[in-house]
Amino acid sequence: MSVLAGCGEKPAADGSPKAKADKVRIAMVVKSLGNGFFDAAHIGAQEAAAQLKDVEIIYTGPTTPSAEGQIEIVNSLISQKVDAIVISANDPNALVPIAKKAMQRGIKVVSFDSGLAQDGRLMQLNPSNAQLIGRRQLEMARDAIGGAGEIAILSASAQATNQNLWIDVMKAELAKPEFAQLKLVATVYGDDQSDKSYREAQGLLRSHPNLKAIIAPTTVGINAAGKAVVDEKLVGKVYVTGLGLPSEMAGHVKSGAVKEFAIWNPIDLGYAATYAAYDFVKGRPDAKAGGKVDAGRMGSIAIDAKGEAAMAEPFTYNAANVDKFAKIF
Ligand code: RAM
């Protein structure tokens, strides 16, 4: 993290060269470090910073995905007087008081990926529509197992805003006739940690002998579940699907543990979130609920009345295209 003495001071009146501290400092606070999804979002943030020219990115997050860890980090970012915080929240509500404190100090708080409750941020940038993301995962599971059977969900942390939203959609969709043959037998949480996710996946496979599919709506979980299916020698009997990074999933598609999975472009998400934060820092009149933000090469993104915006539809990957995208994210 870069903290420069005198940060927040105005540029010298004599026109002497601006210090780095005079750049717009945007802190990207992720659920946890070491997650390839957020590494990709960071690449997008840096791309945006390079285009905007006067932006410095501070990339940070706790070592494990906890709200407490993020609260500590936001507190320190308030002391550092950053200009904006772009956060993927580990809890929709627990971070609201600290986010409000940041906003009271003039820091523009935008959530992306996993949202903060409305009063804790100026805008939430969703990767796509939650209904679409939830439903797509059920369709992939159903198609992988030939239409009928037991399924389980391996999620991230139990308070994650985004996963919980998608799980709620999946549960509601399961009541529809097109999914009547699917039976959800368990929902477990791997906390976006590879080892815990692996153990939870193993637990599902061992305690549900008739399990046909694991849906993991997390890039960490789906990767761990793929490994567990191979290690338990259940390829062809249990299929893993959900949201994954092509770079991490190509091997699982080859092993046969995974037929199809989906994701949006995490680089674009980090890029657009950074642009959005910049618009708020610059006080652009359209940067408000009901308005829009300018997201560089992504064009302009509309913000709805609740301060939420959404990017593109999730894309589906399989043996035909996974290698191509594995080179990108
Ligand atoms: C994990 C994180 C992230 C989520 C993706 C799909 O990397 O939980 O928040 O959007 O999976």
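Counting starts at 1 for both ligands and their atoms, in listed order. In this text the structure is predicted, and so the values were computed from the model without any measurement.
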Which of the atoms in ligand 1, numbered in the order shown and given with their element, are less than 4.0 Å from a heavy-atom of [X]?
| X | value |
| --- | --- |
| Asn35 | 1 (C), 2 (C), 7 (O) |
| Phe38 | 3 (C), 9 (O) |
| Trp166 | 10 (O) |
| Trp264 | 10 (O) |
| Gln163 | 2 (C), 4 (C), 8 (O), 11 (O) |

- Task: Could you please spell out the steps behind the side-chain contact (heavy atoms from CB on, under 4.5 Å) verdict for Thr63 and Ser32?
- Result: CA-CA 5 Å; Thr63 45; Ser32 62; over 6 Å; no
- Closest protein heavy atom to atom 8 (O) of ligand 1, given as residue, atom name and distance to 0.1 Å: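 Atom 8 (O) of ligand 1 sits closest to the protein heavy atom Asp192 OD2, 2.6 Å.
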- Tell me, which protein residue and heavy-atom name are nearest atom 10 (O) of ligand 1, and how many Å apart are they?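 For atom 10 (O) of ligand 1, the nearest protein heavy atom is Asp113 OD1, 2.6 Å.
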- Task: Mind checking whether Phe112 contacts ligand 1 via backbone (N, CA, C, O), side chain (CB onward), both or neither, at a 4.0 Å heavy-atom cut-off?
- Result: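 It is neither part, as no heavy atom is under 4.0 Å.
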- Message: Applying a heavy-atom cut-off of 4.0 Å, say which part of Val220 lies close to ligand 1: side chain, backbone, both or neither.
- Response: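 Near ligand 1, Val220 shows nothing, with every heavy atom at 4.0 Å or more.
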- Message: Nearest 0.5 angstrom please: Met140 CE to Thr316 OG1, how far?
- Response: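 Going from CE on Met140 over to OG1 on Thr316, the span is 6.0 Å.
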- Task: Using the six-membered ring wherever Trp is involved, compare the ring planes of Tyr317 and Phe329 and label them parallel, tilted or perpendicular (cut-offs 30° and 60°).
- Result: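 Answer is perpendicular, since the angle exceeds 60°.
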- Task: Classify the angle between the aromatic ring planes of Phe325 and Phe315 as parallel (below 30°), tilted (30 to 60°) or perpendicular (above 60°).
- Result: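 Tilted.
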- Could you walk me through whether Glu178 and Arg142 pass salt bridge (charged side-chain N to carboxylate O under 4.0 Å, His left out), step by step? CA-CA 9 Å; Glu178 59 267 39; Arg142 180 194 61 194; over 6 Å; no
- Kindly identify the option in Thr219, Asn162, Ile133 whose heavy atom sits closest to atom 1 (C) of ligand 1.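 Among Thr219, Asn162, Ile133, the closest heavy atom to atom 1 (C) of ligand 1 comes from Thr219.
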- Query: Can you name the one residue among Thr64, Asn162, Asp113 that meets side chain to side chain donor-acceptor pair (under 3.5 Å) with Lys31?
  - Reply: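 Single pass found, and it is Asn162.
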- Which atom of Val230 lies closest to which atom of Ala257, heavy atoms considered: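 Scanning both residues completely, I find the closest heavy atoms to be CG2-CB, 4.2 Å.
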- Message: For Asn126 versus Gln124, what's the shortest heavy-atom pair and its separation?
- Response: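 Taking Asn126 first and Gln124 second, the nearest heavy atoms are OD1-NE2, 2.8 Å.
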- Item | Polar contact flag for Ser114 and ligand 1 (N/O pairs, less than 3.5 Å) |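 N/O-N/O distance below 3.5 Å does not exist for this pair.
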